[in-house]
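Only this structure's heavy atoms are used, side chains among them; waters, hydrogens and symmetry mates stay out. Index from 1, following the sequence. In this text the structure is predicted, and so the values were computed from the model without any measurement.
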Amino acid sequence: MAVGRAGRAQGADPVVGMTVDDPSPVVTVAVTCRLDDRSHAVPDTELTRSTAADTGRYQAICGHVVSPASLVAPDGKPCDACTVVAGSARGRTRRRRRSA
């Protein structure tokens, strides 16, 4: 299970920190769907929603509704759509420079 951050306005990204549009980070978790065997980026806030917890299904940043596979199984192949969404968020990031 992989964990990452991204700008809330842009969706989740397992590598990127903050975006220009919204500086508040969103943590994502890689969850493999048992229906398509793909690893999707699911926001941590989605995992804690009571409605989602009741059904056991979670919405990934790509829009796919994930029915999680066993969490002890290895991650599936990364979802192409989640990668695109994460890549678009990565392109609009603001990096902080370290002082010397």
Side-chain angles (χ1 to χ4, degrees):
M1 189 181 313
V3 177
R5 298 183 204 199
R8 182 165 301 184
Q10 308 306 322
D13 181 339
V15 178
V16 177
M18 295 188 277
T19 68
V20 174
D21 297 336
D22 186 358
S24 59
V26 171
V27 176
T28 61
V29 178
V31 179
T32 300
C33 180
R34 67 180 181 83
L35 302 175
D36 67 359
D37 293 322
R38 298 278 183 150
S39 177
H40 294 273
V42 177
D44 68 337
T45 54
E46 179 69 13
L47 295 171
T48 59
R49 283 186 336 116
S50 62
T51 306
D54 290 344
T55 64
R57 295 198 169 106
Y58 308 95
Q59 187 163 4
I61 61 171
C62 67
H64 181 77
V65 177
V66 177
S67 181
S70 171
L71 296 179
V72 296
D75 285 349
K77 180 181 174 192
C79 167
D80 295 331
C82 286
T83 303
V84 168
V85 172
S88 66
R90 178 175 292 144
R92 291 186 292 259
T93 61
R94 172 178 50 200
R95 305 253 184 223
R96 291 186 181 198
R97 292 177 45 169
R98 294 177 116 181
S99 57

**Study point:** side-chain hydrogen bond (donor to acceptor under 3.5 Å, both in side chains) partners of residues 46-57, not counting sequence neighbours, each pair once
**Key:** Glu46-Arg49
Point to revise | Among His40, Gln59, Arg38, the one residue meeting side chain to side chain contact (heavy atoms under 4.5 Å, CB included) with His64 | key: His40
Practice item. Could you pull out the closest heavy-atom pair between Ile61 and Ala86, with the gap in Å? Key: CD1-N, 4.3 Å
Review point. Of the non-hydrogen atoms in Ala41 and Thr28, which two are nearest, and what is the gap between them?
Key: CB-CB, 4.3 Å
Practice item. Tell me, please, which residues at least two apart from Ser67 pass side chain to side chain donor-acceptor pair (under 3.5 Å). Key: Arg34
Study note, to complete from the structure: For Val66 and Ala60, the nearest pair of non-hydrogen atoms, with its separation, is CG2-CB, 4.0 Å
Review point. Taking all atoms of both residues into account, what is the closest heavy-atom pair of Gly56 and Pro68, and its distance?
Key: O-CD, 3.0 Å
